[in-house]
Amino acid sequence: MTNETILEQRWQAATIRDNFIFGKTFETNPDLCKVLIENILNIKVSKIFFPEREKILESRADSKGIRLDVYVEDELNRSFDIEMQVANNDNLGKRMRYYQGLIDLDKLKRGQHYSELGKVFIIFICPFQCFDGERHIYTFNNLCVENPAVALEDGATKIFLSTKGTINDVSVEVKN
């Protein structure tokens, strides 16, 4: 079997789980990306800046960098990172924390005030069960342990979407 034949077979078998297909889908159709964000977050987005596929963020030459699958911003200075996570390595929480740190690091320039740091939404789409396995969506914001009514209001929202959820907790559009 030739390399060309193998590549053709891989291409024919590729799905949205494939990094290239996932990124290219949103890169070539920003309206689809906008609708996905609106449906997941139940917010209105007037305009997004062209999706950037595989945005690379590094803090130092000797530190671990990241490559964001789909990264967009909107007119309200909100950042959206959408990731397809095909493997459950039991490190998704720490991975998401690291992504948020590097995204934030990339947002402020020297001399800017922290108040200029916009909201950030990190969305991991997982074709496997997450956490208790029941939900399709798990949304995390920083709340006080002693009094969950007190929010940190740091502007960070982290979302895990699971295709294997069993309860009716998302719209049909999000499920699709």
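- Residues passing the salt bridge (Lys or Arg N to Asp or Glu O under 4.0 Å) test with Glu73, sequence neighbours excluded: Lys107.
- Contact between Arg67 and Ile56 at its shortest, heavy atoms only, is CG-CG1, 4.2 Å.
- The line from CE of Met96 to CD1 of Ile123 is 8.5 Å long, rounded to the nearest 0.5 Å.
- Residues Phe121 and Leu76 do not share a hydrophobic cluster, clusters being chains of Ile/Leu/Val/Met/Phe/Trp/Tyr side chains in contact below 4.5 Å.
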Please set out all donor-acceptor pairs under 3.5 angstrom arising from side-chain atoms of residues 35-49, sequence neighbours excluded.
unit_1	atom_1	unit_2	atom_2	d
Glu38	OE2	Lys34	NZ	3.2
Glu38	OE2	Val45	N	2.9
Asn39	ND2	Val35	O	3.3

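- Note that CD of Glu173 is 11.0 Å distant from NZ of Lys175, once rounded to the nearest 0.5 Å.
- Applying the ring-ring contact (aromatic ring centres under 6.0 Å, His included) test to pairs two or more places apart or on separate chains, those with a residue in residues 90-120 are Tyr99-Phe124.
- For the atom pair CG of Asn91 and NZ of Lys94, the computed distance is 9.0 Å after rounding to the nearest 0.5 Å.
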Residues 150-162 side chain polar contacts: donor-acceptor under 3.5 Å, at least two apart:
unit_1	atom_1	unit_2	atom_2	d
Asp154	OD1	Ala156	N	3.2
Asp154	OD2	Asn142	ND2	2.6
Thr157	OG1	Asn141	OD1	2.9
Lys158	NZ	Gln100	OE1	3.0
Ser162	OG	Phe128	O	2.7
Ser162	OG	Lys164	N	3.1

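- Considering only heavy atoms from C-beta on, Asp69 stays 4.5 Å or farther from Ile82 through its side chain.
- Between Pro127 and Thr163, the shortest heavy-atom distance links the atoms CA-OG1, 3.1 Å.
- Without hydrogens or angle criteria, His136 side chain to Ile167 main chain gives a donor-acceptor distance under 3.5 Å.
- Considering only heavy atoms from C-beta on, Ile125 stays 4.5 Å or farther from Glu83 through its side chain.
- Residues satisfying the side-chain hydrogen bond (donor to acceptor under 3.5 Å, both in side chains) test with Arg78, not counting sequence neighbours, are Asp74.
- The salt bridge (Lys or Arg N to Asp or Glu O under 4.0 Å) search around Asp104 returns none, not counting sequence neighbours.
- Put simply, the side chain of Tyr71 reaches to within 4.5 Å of the side chain of Ser79, judged on heavy atoms.
- Atom CG of Leu92 sits about 12.5 Å away from atom OH of Tyr138, to the nearest 0.5 Å.
- Ile122 and Leu117 fall into different hydrophobic clusters, where Ile, Leu, Val, Met, Phe, Trp and Tyr side chains are chained together by heavy-atom contacts under 4.5 Å.
- Here the CG atom belonging to Asp81 is positioned 4.5 Å from the CD1 atom belonging to Ile103, to the nearest 0.5 angstrom.
- The shortest non-hydrogen separation linking Leu68 to Ile66 is CD2-CD1, 3.6 Å.
- A distance-only check finds a donor-acceptor pair linking the side chain of Asn77 to the backbone of Glu116 [under 3.5 Å].
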